[in-house]
Amino acid sequence: MNGKFADFVNKKDKKLLLAVIIAAVAVVTAAAVAAGIFFGRRSEKPATAPTADLAVQLSLLTDVSSSDVMITKYYVYGNHLHLEGEVDGAEYPDFSRMGLILRKDDGSEKEITLDCSRNDFGTVFFRSSEYINGGICLDELAEGDFCVLFKIVDGGRKVYTSAAALYDFEAVNYYTVTKNGENRLVNLGFTAYSTGSGILPCLAIKIEKAALPGDVYDIVLDAGHGSGDSGAVYNGHNESDLTIDYAKALKKELESLGLKVKMTREGNEKNGTMTGSAAYSKGGRVEKACLSGAKYCFSIHFNSISGNKKTTAHGFQIYCPCGSDISFAKSVADNVVKTAGTDYSPQEFSRVAPGVYIRTFGKNGVENSKKIAKSYGYEPYDAIKENTTFYYMIRETGGVATGAYIDGRSREFGFNENESRNSVTGLESYLIEIGYICNETDLANILTNRDAYVQAIAAAIAKELGITAK
Ligand SMILES: [Zn+2]
């Protein structure tokens, strides 16, 4: 342990606890690195130590403070790495800002500005983005070996510090989205590196070219309903048949862009296997998506409504996860409306932009979920808050990023649990309501203009991922 540690422990109790955790993490991780257990949880080629180049760069770090930064939240959602954490502000009375530094093995640094706030006790809270789908885009990082440092600007001084993790976060093996037939494997893990300032706990990132394994995909398409559940029905048209038809056409379109696509169902699945509580069990649509290694998931649906709104309800909707940057969803909605002969849905409930929606549980939903828990005799899910994402295909495929919670206590969910609910890797998931099959104009357009709809959606996805159409 370096000399700083002795001064460090005499401060406040909170700081002492932090220091003890850091010391423990440093010792355990140093041993773990030696044993090679931190990296490569599912990787064939575990990265157990920094490359010689990074080791040289790390030995040059003589001015790095031994971790004043504690990372409290860490996940990969879609293709972004999201970090949150805190710093005891006592050391930084004139704190002004903080940046995340990616130090590469060639000595270069990339700085990412952090979103920071400070409470009355001086603790600084930071996050890589205010959005769950923002932060550090893993697809945009170059190949190489990186360590994550933080730069704290305090008055006239700049302090470099490494970061420890509050929890034993699992390592992540992330495959980048396929571009020009190529992929990179991004290995993320908390470790301890020997530097010129002593052994420092830090988040390490190793990126190398790699072939996409057979069971890893870019995108999941979930054709809504099926396996005995027809969804909406109107004049002999079943939503479950339309969703399969659209999902298959969209799959073809995305594959022509070089993307690898997994479907949650093909239309030949057994009754009851995909819907309701079975969605979370083995082979259910949630599990299929969660195990796909894909970065995005799109659930395709068609709307219907009864009562007096039946004649006026129409148009396109895309539902986003709560806490997400909606610019991508907005471009999907705009593209569809511009080229597929339809309109934005006039529905105001949950709307955040024309055609773009974020539906959460809200106050009533939370109360309702408590009532259901009581009636079935299990503890209410404390994970359900007013701003918890309502649609399960968005929420349950996102892991910790979206507050997935199905844990198998409930008869309502068939006592099935979502085994990926605590995962630090989540799919960025959207639910698309193409149009209203109970509206004659929408229905005619849906039946005759499918290719325009799917081409508009695929074009927005290509633009988001930086893929140019062939
Ligand atoms: Zn539906």
Side-chain angles (χ1 to χ4, degrees), residues 219-251 263-280 284-289 296-307 309-310 313-321 329 332-333 336 340 342 344-347 349-351 355-361 365 389-398 402 406 412-413 427 429-447 449-450 453-454 457:
I219 289 176
V220 167
L221 293 180
D222 172 51
H225 308 280
S227 75
D229 165 24
S230 59
V233 179
Y234 183 77
N235 268 359
H237 299 285
N238 287 345
E239 182 184 357
S240 58
D241 297 334
L242 288 166
T243 60
I244 272 289
D245 183 44
Y246 267 63
K248 283 183 173 169
L250 181 55
K251 179 175 189 259
M263 302 266 283
T264 57
R265 69 182 187 96
E266 300 281 347
N268 55 359
E269 59 285 341
K270 274 194 214 143
N271 271 8
T273 52
M274 306 296 296
T275 56
S277 56
Y280 313 101
R285 60 192 356 132
V286 169
E287 196 206 40
K288 275 188 181 163
Y296 292 85
C297 174
F298 300 92
S299 275
I300 312 290
H301 286 257
F302 293 83
N303 244 323
S304 186
I305 197 166
S306 53
K309 282 193 177 152
K310 197 170 167 177
H314 69 281
F316 183 86
Q317 301 179 333
I318 179 165
Y319 286 83
C320 315
V332 173
V336 168
T342 184
Y344 303 108
S345 164
Q347 180 191 305
F349 176 66
S350 302
R351 183 164 67 190
V356 181
Y357 295 79
I358 295 181
R359 186 169 174 191
T360 58
F361 272 75
T389 298
F390 182 79
Y391 289 117
Y392 75 86
M393 271 310 281
I394 304 178
R395 183 188 67 241
E396 296 298 321
T397 55
T402 50
I406 303 298
E412 186 194 6
F413 303 120
L427 288 90
S429 295
Y430 296 88
L431 189 147
I432 293 172
E433 296 277 4
I434 300 279
Y436 282 79
I437 59 171
C438 58
N439 177 292
E440 292 296 343
T441 315
D442 262 17
L443 180 62
N445 201 37
I446 286 162
L447 296 175
N449 216 5
R450 181 198 69 194
Y453 278 101
V454 300
I457 296 167

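One-based numbering, in listed order, for ligands and for the atoms of each. Remember, predicted model here, so these are calculated numbers, not experimental data. Side chains are part of it too, since the values below use all heavy atoms of this structure and drop only hydrogens, waters and symmetry mates.
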Verdict with reasoning, Thr360 to Arg395, per side-chain hydrogen bond (donor to acceptor under 3.5 Å, both in side chains) | CA-CA 10 Å; Thr360 58; Arg395 183 188 67 241; over 6 Å; no
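Legend: residues meeting salt bridge (Lys or Arg N to Asp or Glu O under 4.0 Å) with Arg450, ordered by chain and number and at least two apart, are Asp245. Scanning for ring pair (Phe, Tyr, Trp, His ring centres under 6.0 Å) contacts around Tyr357 gives Tyr319, with sequence neighbours left out.
Counting only residues at least two apart or in different chains, side chain to side chain donor-acceptor pair (under 3.5 Å) contacts with residues 226-238 comprise His225-Asp229, Tyr234-Glu440.
Counting only protein N, O or S atoms, the number found under 2.8 Å from the Zn ion (ligand 1) is 3.
The aromatic ring centroids of Phe413 and Tyr280 lie less than 6.0 Å from each other.
Residue Thr397 comes nearest to Ala289 through the heavy atom pair CG2-CB, 3.8 Å, listed as atom of the first residue, atom of the second, then distance.
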